[in-house]
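Take a look at the structure below.
In this text the structure is predicted, and so the values were computed from the model without any measurement.
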Amino acid sequence: MENKTPLDLKATVNLPKTNFSQKANLTQREPERLARWKQMDLYHQICQARKGRPTFLLHDGPPYANADIHIGTAMNKILKDFIVKSHSMMGYDAPYVPGYDCHGLPIELFVDKKLGAKKSQMSPVSIRKACREHAAQALKRQTRDFQRLGVLGEWENPYLTMSNAYEAETARLFGRFVGRGYVYKGARPVYWCIHDQTALAEAEVEYKEHASPSIYVKFPFPEDQVRELEKRIADLRNADLREPSDQSAIRNPQSAFGKPVFVLIWTTTPWTLPANLGIAVNPNFDYSAIDVGEELYIVARDLVDAVAEKCGLEPPRIVATFPGSALDGLEARHAWIDRPSLLMVGEHVTLGGEADAETEIDVAFAQKKGSGKAGTGCVHTAPGHGHDDFVIGQQYRDQLAAVYDRLREAGVLGGQMKGAEVYCPVDNAGRFTSEVEHFAGQSVFEANEQIVEFLRANGALVFTEEYPHRYPHCWRCHNPVIFRATPQWFISMDRSTDGGPGLRAAALREVERVTWMPAWGRDRMRNMLKGRPDWCVSRQRVWGVPIPAFYCAGCGETIADEKVIDHVSSIFAKETADAWYAREAEYLLPDGFGCPKCDGSTFTKETDILDVWFDSGSSSIAVLVAERHLQWPADVYIEGPDQHRGWFNSSLMVGLAARDEAPYKTVITHGWTVDGEGKAMHKSTGNAIPADEVVSKQGAEIMRLWVASSDYTEDVRVSPEILTRMVDAYRKLRNTARYALGNISDFDPETDAVADGELWEIDRWALAVTREVTRKAVDSYKRFDYTTVYHALYNYATVTLSNVYIDILKDRLYTFAPKSVGRRSAQTALFQIVDAFARLLAPVLCFTADEIWENLPGKHEASIHLAEFRDGEPLEDDAVLLERWNDRDKGILSVRSIVQQHLEVARNQKVIGASLEARVTLTLGPDLYPIFKEIEEMLTSIFIVSQVEVVEGSEGLAVKVEHARGAKCERCWNWSETVGQDPGFPTIDARCVRQLEEGWGL
Ligand SMILES: [Zn+2]
Ligand SMILES: [Zn+2]
Ligand SMILES: [Zn+2]
């Protein structure tokens, strides 16, 4: 014993050892790991591993293959990756087929610009080729950037809306709409951009503040019509006399109309006045004739005072009041054009707010602004320039027939079919056509002012002012759009020829069945569907899927037939839709096809293409069913808040036409990305944070952690400060993993693990907490609630592990004999902890979790993404352990924090320095005493002090801190009265002597 070999005590301390470095070096390591994943074909290995399991399908909404990705696109893809990776780790077969939206105006415009004058000499096929190349280049860059974010999927084989198969399926699905009787061709007012000269879909307009001239205009009400109105009022009065009732509604009718009478209309689009064919009133409102001096005006009774005040009229005298229905079918005269303006009744007429309902689809705003009453209750109606106007014009088609006949004679209806005319004297460029007297050739927005001046000059203008309101603008060029009737292809929202409900009714039914997250998605969808007009699906462009319709050269018959379209689709499948432009009609039609009307055999082709929303809306069928044979409907769609009118809507329509069902079970909406103050980000304002900059400076993991930490159900803030906070958070998570890994480098779970029942109590407690965290995190992953995942894992790492468990464990891990049961017990727990932690982190920190995995001892899958979440089911005594340790009042950890406070005081009073210099005396009442007496020996490590004595007191809890007795052990730094007792090791305590004997055989 005397002759011990001189021992380097430091070498007997088990210091942490791991290849998992402290410095993350993400910008270098992430690309290396991506290369490895690619080399091992990780995505397909995962598919293989999950084969035969229940499927969980997220269907990717295709980003537009035009520009490079921005931080919002990055967030969208990362959220999708969270969903796919987490469900894969729940054991689902969760394939991810990314897609790209490749057709459409932005690409065609870009190519237009690039080709310049050359374009006019190019064939549609060459233009399409240029567009195809542009899209292919853009999607290649996007693919590179999405992969760089760590998103796993079918990147070598994404779905493209411009592929043969997809174009063929899009055409075929249009044929399905035709076959079910939903499609018709007609002139209808649609959003029209006069700058880009194309029709726009609902989803392609954005609402912005816009100042329009608000005008109050007099429409003469001729003598004979006044007489007729008087007669109707008298009849109403007689009817009323039979049942005594309120007589005040009809006053003095005979003598009242002694002066010239006018119907007073209000509009904010003076340029639509040349197309005026009528005035709409609400049949259920009362209207009054008011005497304003020389003239009488007819306005809604409830607006009399507001109109008089607004127009600066003498305080008006009401000379007669009558229901709006009394005006039905009477004819006023146009304010300056020699033709009648038909009085029509419609319930769309409101008292105030916006005259043109279609410019105020943004209901919330209209309701806010609508509180101040504007208008007259007599709505100027131009069926060629508004949705409601068009609808009411259809209802009064018989009464308007004579007007249309005269317009036809004047040659201003073009080739429109009799009975289906819509009057719209504005051309593609937004200029009045030649028959519009005084204003021919003027652009409509410039004409506004001229028309107001003209009305003023001829005495028809009562009042005008500037009127700020929300007005639709083109999403592409940001210019205000107009409503304009043009011949277009439409999908009817309400028509059905096969006995089923129309699309609107079916869509409203499905909306109730789908789960919407957040729940307001359902209301938004419902409101949008209730109010939306028929879907205008034609575009006067080249880059898209052509509408596969033909026209008979002999008789003009339109051929839109599902069987013919199926035939065309089979040609697209081989040659892409370019065939429409490269081939003659005869080639595209089935052999021997003859016109069903005249049996002619010469045909021309439709030149319009389909709305791109039709393309992307076809994706669930084209991709999940036709191309990849996956599950339909999809489990989940997740996109930004602009997709209710866009992709969520068009997908629903195609799903219904093809399979009478919504293509999704759950629809999640995420917010926009905004700057640190909540403002929209723009390159021009300098507050934009480019996605590639974050990735190249901080790493994709930081961006992923930011997405997880943010509540995506609202707008998501991002700023350099926020990202710096994420770097700190990342570092803490990484260091926790690193510490755990460092202390199990000499542990083999196969041979060294301690059985559950033999683990030390604190180790069993740490595992019970781990199971609790696993349950919470997995449950949150199921609910797509990544913020809760983030907070649960962050607290687990920084509080439970770092501040408590690991802190307590250090002494045991460092100073116990390497293979001692005590140290192996701690390692067994740490191994399971880091294993569970890495799995739970993997969907979010996909690179770092895989790196942890690589450094984890024992046999396991080649990548963490092949692994699954651990079962978090609690063991039998978990509940007891959690209460014993975590109880707020009596729990061991709450006593620990009280002791720590006392230690802090003692440190400040210089009683002790490090906590190991302390001796703690706990005096406990009868409820706590037995608990703590039993674990008295454990308490030194739990409190991280050298000596603890538990004493029974009368009540409560008292803590006394003094300096520890004895001397400081050179090896473990604990103070002990045993230091110096062993002459062989004069500088260390008895505990260390025992460990040296066990561990090093000394
Ligand atoms: Zn435009
Ligand atoms: Zn024919
Ligand atoms: Zn010691």
Side-chain angles (χ1 to χ4, degrees), residues 47 50-62 80 83-84 87 92-103 153-154 156-180 182-183 491 498 500 503 506-507 509-510 513-514 537 544-545 548 562-563 565-574 576-577 610-639 643 646-667:
C47 294
R50 298 290 183 275
K51 215 171 179 171
R53 297 288 194 82
T55 307
F56 181 90
L57 197 78
L58 172 133
H59 180 44
D60 189 33
K80 286 171 179 168
I83 293 176
V84 172
H87 281 81
Y92 288 98
D93 180 5
Y96 177 59
V97 183
Y100 292 98
D101 200 358
C102 309
H103 295 134
E154 286 279 357
E156 325 77 63
N157 189 18
Y159 77 85
L160 310 182
T161 61
M162 66 178 180
S163 73
N164 307 19
Y166 198 108
E167 287 185 339
E169 191 62 18
T170 305
R172 197 189 67 79
L173 286 164
F174 179 71
R176 200 73 269 283
F177 279 85
V178 170
R180 297 192 70 171
Y182 296 142
V183 176
I491 288 174
D498 53 9
L503 283 171
R509 177 199 70 210
E510 289 301 290
R513 294 183 16 173
V514 169
V537 289
V545 176
E562 187 174 7
K563 284 207 190 72
I565 294 172
D566 280 349
H567 181 78
V568 173
S569 158
S570 67
I571 297 173
F572 288 0
K574 282 176 250 153
T576 79
L610 282 167
D611 176 11
V612 276
W613 293 105
F614 191 95
D615 293 17
S616 56
S618 302
S619 67
S620 80
I621 306 287
V623 179
L624 306 185
V625 180
E627 263 184 42
R628 318 272 167 144
H629 313 293
L630 297 165
Q631 170 197 303
W632 196 100
D635 288 291
V636 65
Y637 277 35
I638 175 169
E639 301 298 334
Q643 296 302 330
W647 191 57
F648 297 154
N649 169 48
S650 65
S651 298
L652 178 57
M653 293 302 150
V654 178
L656 287 168
R659 299 194 150 196
D660 290 304
E661 220 182 295
Y664 35 64
K665 294 179 193 161
T666 296
V667 175

Review point. Going by the salt bridge (Lys or Arg N to Asp or Glu O under 4.0 Å) test, which pairs reach into residues 159-169, not counting sequence neighbours?
Key: R128-E167, R132-E167, E169-R172
Exercise for review: Might you confirm whether atom NZ of K665 has over 12 heavy atoms from other residues, nucleotides or ligands at distances under 6.0 Å?
Suggested key: yes
Review point. Do V654 and F177 come within less than 4.5 Å of each other through their side chains, counting heavy atoms only?
Key: yes
Exercise for review: Taking all heavy atoms of R180 and all of A657, pick out the closest pair and write down the distance.
Suggested key: NH1-O, 3.0 Å
Practice item. Would you give the length of the straight line joining atom OH of Y92 to atom OG1 of T55, rounded to the nearest 0.5 angstrom? Key: 10.0 Å
Revision key, fill the gap. Closest non-hydrogen contact found for E661 with P633 is OE2-CG, 3.7 Å
Revision key, fill the gap. Sorted by chain and number, sequence neighbours left out, side-chain hydrogen bond (donor to acceptor under 3.5 Å, both in side chains) with H59 holds for S619
**Study point:** From OH (Y166) to CG (L173), nearest 0.5 Å
**Key:** 8.5 Å
**Study point:** Single hit among I565, V178, I571, D566 for side-chain contact (heavy atoms from CB on, under 4.5 Å) with P548
**Key:** I565
Review point. In Å, rounded to the nearest 0.5 Å, how long is the span from CG of D60 to OH of Y159?
Key: 5.5 Å
Practice item. Looking only at non-hydrogen atoms, find the nearest pair between G655 and W632 and report the distance. Key: CA-CZ2, 4.1 Å
Check your understanding: To the nearest 0.5 Å, what is the distance between OH (Y182) and CG (L503)?
Key -> 4.5 Å
**Study point:** Pairwise side-chain contact, T170 with T161, heavy-atom cut-off 4.5 Å (strictly under)
**Key:** no
Review point. In terms of the angle between their ring planes, are F648 and Y637 parallel, tilted or perpendicular, with boundaries placed at 30° and 60°?
Key: tilted
Review point. Is W647 close to D101 at the side-chain level, that is, under 4.5 Å between some pair of heavy atoms?
Key: no
Review point. Quick one: are S620 and S651 in side-chain contact, heavy atoms under 4.5 Å?
Key: no
Review point. Should D660 and R509 count as an ion pair when the cut-off is N to O under 4.0 Å?
Key: no
Check your understanding: So, R50 side chain and A94 main chain: donor-acceptor pair closer than 3.5 Å or not?
Key -> no
Practice item. Write down the atom of A507, the atom of M653, and the distance for their closest heavy-atom approach. Key: CB-CE, 4.0 Å
Practice item. Kindly determine whether Y96 and I83 satisfy side-chain contact (heavy atoms from CB on, under 4.5 Å), including the steps that lead there. Key: CA-CA 10 Å; Y96 177 59; I83 293 176; over 6 Å; no
Check your understanding: Between A168 and S569, which heavy-atom pair has the shortest distance, and what is it?
Key -> O-OG, 2.9 Å
Point to revise | Under 3.5 Å donor-acceptor, Q631 side chain and L57 backbone | key: no
Check your understanding: Quick one: does Y664's side chain have a donor or acceptor within less than 3.5 Å of a partner on I638's backbone?
Key -> no
**Study point:** Point-to-point distance, once rounded to the nearest 0.5 Å, from CH2 of W613 to CD of Q643
**Key:** 4.5 Å
**Study point:** Side-chain donor or acceptor of D93 paired with backbone N/O of R53 under 3.5 Å
**Key:** no
Review point. Is there a side-chain contact (heavy atoms from CB on, under 4.5 Å) between H87 and D635 once you walk through the steps?
Key: CA-CA 11 Å; H87 281 81; D635 288 291; over 6 Å; no
**Study point:** Any donor-acceptor N/O pair, S650 side chain to F614 backbone, under 3.5 Å
**Key:** no
